[in-house]
Each structure stands twice: as C-alpha cells, then as structure tokens.
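Shown next, in structure tokens, is the structure this report addresses.
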2 protein chains.
Amino acid sequence: MESRNLRNAGLKVTVPRMKLLELFESSGGKHLTAESIHRQLIEAGEDIGLATIYRALVQFEAAGLVTKHHFEGDHAVFELERGPHHDHIVCIHCGKVEEFCDEVIEARQQEIAGKYGFRLHDHTLTLYGECSDADCTGKNANALTEKKK
Amino acid sequence: MESRNLRNAGLKVTVPRMKLLELFESSGGKHLTAESIHRQLIEAGEDIGLATIYRALVQFEAAGLVTKHHFEGDHAVFELERGPHHDHIVCIHCGKVEEFCDEVIEARQQEIAGKYGFRLHDHTLTLYGECSDADCTGKNANALTEKKK
DNA sequence: ATGTATGCAAAACATTTGCACCTGG
DNA sequence: CCAGGTGCAAATGTTTTGCATACAT
C-alpha cells in the first residue's frame, strides 16, 4: 500500500499523490517526465494540475521515493525508487533504458573519492550507446538523437 | 592559436568566437555556464549577445572543442576539451570540481555495455561528495546545495 | 478547525529562433 | 560579393510561484 510510503515520508496522504505513486508502480519501473505523468493522469480521467505533479515530485525526491535523472538535457525524468542503487545504460537511438549495478565500479568510486579527499555521498553513471534491438534503429529513431517536435 | 581550432572545425573565424575560446583558455579548465561566459565578456567590454554564446557553444560542442555537462540540473556548464577523456567529482558544498580518469572503471563499462548488447558510444560519470577544503563548508556553502537567488 | 495541498494562471528561467544588418574570406 | 555570423527581441519549453479554494487529520 502506497499510503504507508507517503506517511513514512512525513507527507500527507492525498488523492493526487496516491494517483501519482500508483501510476509509477503500474508503469513498471519506467522513467517518466512530469509532462507524460500529467498527460497520463489526465487521460485516466483524473483532475490534476501539472504544478501538483512537480510539487509532488520534488517532495518525493526529497523523501527518497523517486530519483531524478537528466538523461537528455531538456526535461528531467523520474523513476520510482525500488530497491538498491543502480546506474543506467541508455540507447541513443530508441531511448531504451537498462539498469545495472557493478560492484567493481562502485568500489572504485570510493577509492577515487578518497584519493581526492572527498567523502562520497552519491554519484551518477550513465552509459550511452546503441542497443541491438531489432526494432531500434529506424522505427524508434528518436528519443535522444532527434530534437524536439 | 585558437583560430586554427576554429578553422579545423569548419567554422568561420570571427571575433565573438575567438573571444569565447580565449575566455575558456584563460579560465584554466573551469566549467562555465552560458550566462557566466556572457557576463564576463560583457564586463570585459565586448559587445556580444547571449544568443551568440549559445550558438557558438552548440557548434563548439559538435566540433568537439567543448563538452557540455549537467551537474546541477538547471543550467548546463561547458568545459574546454583539452586532452583525453575524464570524469568528474564535485563537492556538494562548495561546487569544486576535480577531474579523474580510472582505467578500471572505463574497462568495466565496456564489459557492461557488451553484456546488455549495447555498442558503447559515450558515458557520464559524476561523483558527488564533500571535499576536505578548509574553506569549503561554511564560506562557499552554496553551489549545488543552496537553490538559486 | 486549521495548516496543507491543489488548480489555475501568471511568472521565472534557460535556451532557441526570426530577422535585418554586419563581416570574414 | 555573398554565405554565414551577429545582436536584439520575441518565442519556446520546462519548471516554479502566487493565490483563493478544497481537503486531510
């Protein structure tokens, strides 16, 4: 039940917030933009404002419920925090995103931080490349490659 | 001489572009925002428009002369491309940025990409932590931590 | 009740574009 | 001369805010 997450985060349990969390869970770990979230909820018949999405997202992030990424540069994408840390590898053609976690890299980062006198808090690692999906290049040739509109 | 870089990139050698490159070189590898670049050039008495900065930056990036980063989320920062690849470790308190390159991590990334069927093109790795500078926490306690204004 | 959350519209920003003019080769 | 570059202002796209109203506890 999502209401528990909200309460634990010290947030009031409201309809918009619940709907937002539900959407995230039913999206199966996808990375969503504020815009797409809004569109989907509206299409689902919900009466929710874009501003509310943004406000909720900011709070969810502060509460550690979601993570914000800047894969493309323009709009940010949000992902529901389920489980431990992981990094991403995204296809520059179709925009597909895979998740992974590599112990070797994680450990090395600690060493590097120490070497430079930093106390490591966090990190971002994103690999960009071309995936091998049959329906990638050509059909979905958009996402990061193609610019807006 | 910077004019060579421009010519090699197939770009016309103009005053604004030269000034921009000069600023980058005299900034000692710092990461600059379009806004700060503009401000500095204006203060230096140059008559240059913000739009020109952005246009030049886009071309420079395409030409591989500069690299664009999104450390904070809002405005992007640009860095002059001098030498081989490297990643960053930035202080969440004072915003200080150190550069590093780790062969172990680089190699591991290739393996991971292969494991997921991706042909690796590029990557971004940024570590966030607290540096050990004496004048860090307190004085320069801004940068990433504090929000704008 | 009552402090928060929400929707809407307007504001704030960073970045891009249209256009007439200027400039480098 | 002429394609490409530039400044300015207006346009965009995204995210934030102000405010009166609605809601959770």
For atom CD of A:Gln59 and atom P of D:dT15, their distance in whole Å:
16 Å
Expressed in angstrom and rounded to an integer, what is the separation of B:Glu61 atom CD from C:dT16 atom C1'?
15 Å
C:dT17 OP1/OP2 closer than 4.0 Å to side-chain N/O of B:Arg55:
no
Any side-chain heavy atom of A:His86 sitting closer than 4.5 Å to one from A:Glu79?
yes
Tell me if the CZ atom of A:Arg119 is crowded by more than 12 foreign heavy atoms within 6.0 Å.
no
Round to a whole Å and report the spacing from CD of A:Glu46 to P of D:dC23.
14 Å
Among D:dT25, D:dC8, D:dT15, find the nucleotide with the atom closest to the side chain of A:Arg7.
D:dT25
If you check every side-chain atom of A:Pro16, which of D:dT6, C:dG3, C:dT6 has the closest atom?
C:dT6
For a quick check of understanding: with a heavy-atom distance under 4.0 Å over all strands, which category does A:Ala76 fall into, base, sugar-phosphate or nothing?
sugar-phosphate
Of B:Val15 and A:Ile53, the one whose closest nucleotide on DNA chain C sits nearer the 5' end is A:Ile53
So, OP1 or OP2 of D:dT16: does either fall under 4.0 Å of a side-chain N or O from A:Tyr54?
no
Would you say A:Arg17 places a side-chain N or O within less than 4.0 Å of OP1 or OP2 belonging to D:dA24?
no
In whole angstrom, what separates B:Lys12's NZ from C:dT23's C1'?
7 Å
Are side-chain heavy atoms of A:Val97 and A:Ile89 found at a separation under 4.5 Å?
no
Thinking salt bridges, do A:Arg108 and A:Glu106 make one under a 4.0 Å N-O criterion?
no
How would you label the contact of A:Ile48 with the nucleic acid (heavy atoms, under 4.0 Å): base, sugar-phosphate, or nothing?
sugar-phosphate
CG of B:Leu6 versus C1' of C:dG24: gap in Å, rounded?
13 Å
What I want to find out is whether A:Arg82 reaches A:Glu99 closely enough, with some N-O distance under 4.0 Å, to be called a salt bridge.
yes
If you fit an axis to the five pairs at each end of the helix from C:dA1-D:dT25 to C:dG25-D:dC1, how big is the angle between those two axes, to 10 degrees?
40°
Please state how far atom NZ in B:Lys19 lies from atom C1' in D:dG5, giving the value in whole angstrom units.
17 Å
From NE2 of B:His75 over to C1' of D:dT15, roughly how many Å is that when rounded to an integer?
15 Å
Separation of D:dT15 atom P from A:His38 atom NE2, nearest Å, is 13 Å
Looking at B:Thr14, does any N or O in its side chain come under 4.0 Å of the phosphate oxygens OP1/OP2 on D:dG4?
no
Is any side-chain heavy atom of A:His85 less than 4.5 Å from a side-chain heavy atom of A:His123?
yes
Quick one about A:Glu130 and B:His121 (side-chain donor to acceptor, distance below 3.5 Å, no hydrogens or angles considered), yes or no?
yes
